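Down below is the structure, laid out as structure tokens.
Just so you know, these numbers use all the heavy atoms, side chains as well, and skip hydrogens, waters and symmetry mates. Just follow the structure's listing: the first ligand is 1, and inside any ligand the first atom is 1. These numbers come from a predicted model, not from an experiment.
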Amino acid sequence: MEPMEKEVNSPGPPDDSLDASMQFLPDSEAKKMENTRFACRTIVVTVLIILAAVLALLVGLLVWHFHLRTEGRVKKVFSGSMTISNHNFLEEYEDYNSVQFKELASRVSKQMKGVYSHEPILSRYYINTIVQAFSEASNDTVVAYYLSEFNVPVAKASAVNEAIKSIEQDEGSKQGRKRLGLEHKPSNSLLFKNMMSGAVDARMVNSNLRGHFKNAHHARTGETGFIQSPNFPNSPYPPNIYTEWQLRADPAHRIRLEFTALNLEKECQNDFIRLYDSLVPTEKQVMVEKCGYYNPTEQPMYLSSGNVMLVTLVTNGEKNFPGFRAIYSQVPIEIQGCGGKLTGMNGTFSSPGFPSYYPPKIQCVWDIEVPAGKHVRVKFNKFSMREPGETPNHCPKDYLEINNHRMCGEKPANTVRSSRTNQMTVKFFSDMSYVDMGFSAEFEAFQPNNPCPEQFQCDNDVCVDPKLKCDGYDDCGDMSDERDCVCSEEIHVKCKNGFCKPKYWWCDGVNDCGDNTDEENCGPLCKTWEVPCRNGRCVPEHKKCDGHNDCGDGTDESECPRSIVLSCSEYTYKCKNNNCISKQNPQCDGEQDCEDGSDEEDCDCGTRPYKSSRIVGGEESSEGEWPWQVSLHMRGEGHVCGASVISSLWLITAAHCVQDTEKFKYSQSDQWEVYLGLHTQHHASEGSVQKNLKRIISHPEYDPKTYDNDIALMELDSPVTLSQNIWPICLPAATHEFPAGLDVWITGWGQTREEGSLATVLQKAEVRIINDTVCNQLMNNEVTPRMICAGVLTGGVDACQGDSGGPMSSVDPDSGRLFLAGVVSWGDGCGRKNKPGVYTRVTKYRNWIREESGV
Ligand code: ARG
């Protein structure tokens, strides 16, 4: 197809002959009387004034005409489709270069022009209709897909929208059918049925887009094919493109599309993929919009409602990513397990196609019946029926209906619904736009007088292990297992609202009680009109950010919009010129805060080529996600510890990784093999490099008994070439703050369970910084000020053996850069409840690192 943009016709330039009328009138005879002269002058002046006014008016009109009328026009593109009921399908129609395609396309375009001509507002602004595709409907009729373009004054845009809508509704009325050519038709005209149309998303007709690239594929039974973004996977996709893939299947089949890789810019406004249940981008038939990064484990699968699907990729000028790859195939239209009768004591059922996303336009009804005298309970292991922009109240779009009660949106796993008889009717409905994962459910019969034998019955009918009652965790999902609890002083924080929460969560920066009891009295006790300083003092609120260091340690000036120069303290950032500034964590945040600019020096660190945006479940990292992560191998022994790249020559690891044992000389640099840019162990990819070490500098005050000062530097024998897979992490300034409650990432190939085996693919996990006092209580007072704790409330997420020396990476919220907050050091087992991991606090070693390595 042609590029979609069209020049707006603008009229020629204004006529300059108007200037001629500005000439002064010729002077009249000199002997005329004074008063005649006077009268004449008055007339001349008046005429001049009138002329000037007329001129001003003309100029105004011209400006209005050219400016508002031409600037105020918009290109509107409508996409649509219809069935041509009196025309047989030919295979050649799938090839838009064929003679047959062109012949039928031109008939359709002509006839569409005729359809629009019945509506004056449409015919006035009509530009053209270009047929995009044909497909074969099940009964050997043809479906045509087209784009129609209009050039519309802004003020008329909504009227044009309405007119387009009315055409669609025409089929119903006699008059409308006439307009569509359905009645009194000339003998050779095409019969249009089921017309559907709507405006195309503005991002797809943006004038920056370079053309419109089309690809077409036809799926065959027993075969799979794949589609991928241009340049995938070796280079990023090109900027400003609109590419589409038309996927067709045989009649009575659906298209099944499975993404195997999906890595786009995070911002959907900029780059996005859309799937349509059509061959043109009709807004009403969008199935999904995708952007950002998806883990291989969560790659979704989609089903069309009929035998076509359109995949579109739109990109903008900045930040291009690797793109996507997807496998397509055709599956029979009948879907197993869409409704039916379910009997017995228990069983399972799920939304059509599960775990693929359910298709648009489908309805299933299940009738469940359990033995007489028992009731039915349905438990959802997965429930997701979200529609963008819909609040899950009335559920007008996709929904599940149980005993006449609708459910939609997203519900937590283990959501339960029960009946008051031995029967239950479950109806699933999906409309024509937006699809989701759907649900998977189990049903079971239960005894109405004893619904949870030997278990605790939650208010929402969920049954849980009685041991889970009052353990501080919401096991029911509605908190009912955490009500009416007697807190134990030793292990609980007693919330004012009656909940008991593990002490571990006290002052961790998260409101676990719900009423904030667990986050009160964490700092110094200040009056309500005061703000706390980190040094324990309190200052009046109005002194915060007033440009004076009132706390004495600068904390009242540290979180202000503007940075000021202060006297130096433990909490202020020191510039190269020895000035200290008030802003917290000013380093490499993209704004110059120091007069000498030193806070923005050496900032080639902590960024990654393809940042992941969404992490749901799944702990495997993707390639290039943690380019500073290093695997340290002992010769003949394989992976032993992790490390982080801090420059092209230097690594940071833990001191306990480089201490000699009877068997191995870990302190000797020639014993180590260093793997950089590695993703999977024993699988050296193109982006990975193996290096040797020149020397190891273990911290001189490392204490093997207490793990105090557990840090070491490693120098490579030659600088490594930095790349997308190998890149340094930023070192935090000595005054960089990593407050309790902050989410940070830990990565490594260590054991995936206590006493488990090492991971092959680099793992990642999100943990939270724990308050120092709390951590010390939990770890028998073994945490020194040179350590920092991080863990996950529920247990089960932690570093473990083999992760030591590796990074705890913290994303700076302003710049998005990653800073090395800690080095994996020690723990009590791995992932135990109330046992956080302990990390070397890197800020304490900033000067030591500089002295030893120059970094
Ligand atoms: N010392 C361990 C190692 O050598 C790291 C232990 C970290 N443990 C923990 N629970 N966070 O790999």
Before signing off on this row, confirm whether H656 and ligand 1 have an N or O atom pair separated by under 3.5 Å.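 By distance alone, the answer is yes.
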Can you find an N/O atom of G829 closer than 3.5 Å to an N/O atom of ligand 1?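 Min N/O separation from ligand 1 is below 3.5 Å for G829.
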Would [X] and [Y] count as having a side-chain donor-acceptor pair, cut-off 3.5 Å?
X: S667; Y: D660; value: yes
X: D478; Y: S480; value: yes
X: T843; Y: H736; value: no

Does ligand 1 have a heavy atom under 4.0 Å from the side chain of [X], from its backbone, from both, or from neither?
X: C800; result: backbone
X: K835; result: neither
X: S825; result: backbone

Can you pull out the closest protein heavy atom to [atom]? Residue, atom name and distance to 0.1 Å, please.
atom: atom 3 (C) of ligand 1; result: S804 OG, 2.1 Å
atom: atom 9 (C) of ligand 1; result: A799 O, 3.2 Å
atom: atom 11 (N) of ligand 1; result: D798 OD1, 3.0 Å

Should you measure from each heavy atom of [X], which atoms of ligand 1 turn up under 4.0 Å away?
X: G802; result: 3 (C), 12 (O)
X: D803; result: 12 (O)
X: G837; result: 11 (N)

For K494, I'd like to know if atom NZ has over 12 heavy atoms of other residues, nucleotides or ligands within 6.0 Å.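 No, the 6.0 Å shell around NZ holds no more than 12 heavy atoms from other groups.
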ring-ring contact (aromatic ring centres under 6.0 Å, His included), paired with H656, selected from Y666, Y707, Y702: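 Going through the options one by one, the only one that passes is Y707.
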Can you label the angle between the H699 ring and the W848 ring as parallel, tilted or perpendicular, going by 30° and 60°?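 Aromatic pair H699/W848 classed tilted.
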Classify the ring geometry between H682 and H633 as parallel (under 30°), tilted (30 to 60°) or perpendicular (over 60°).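 Correct class here is perpendicular.
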Mark the output for G831 as yes if a heavy-atom distance to ligand 1 is under 4.0 Å, and as no if none is.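 No, G831 has no heavy atoms under 4.0 Å from ligand 1.
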Hey, what do you get for C568 versus C580: SG atoms under 2.5 Å apart or not?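 Yes.
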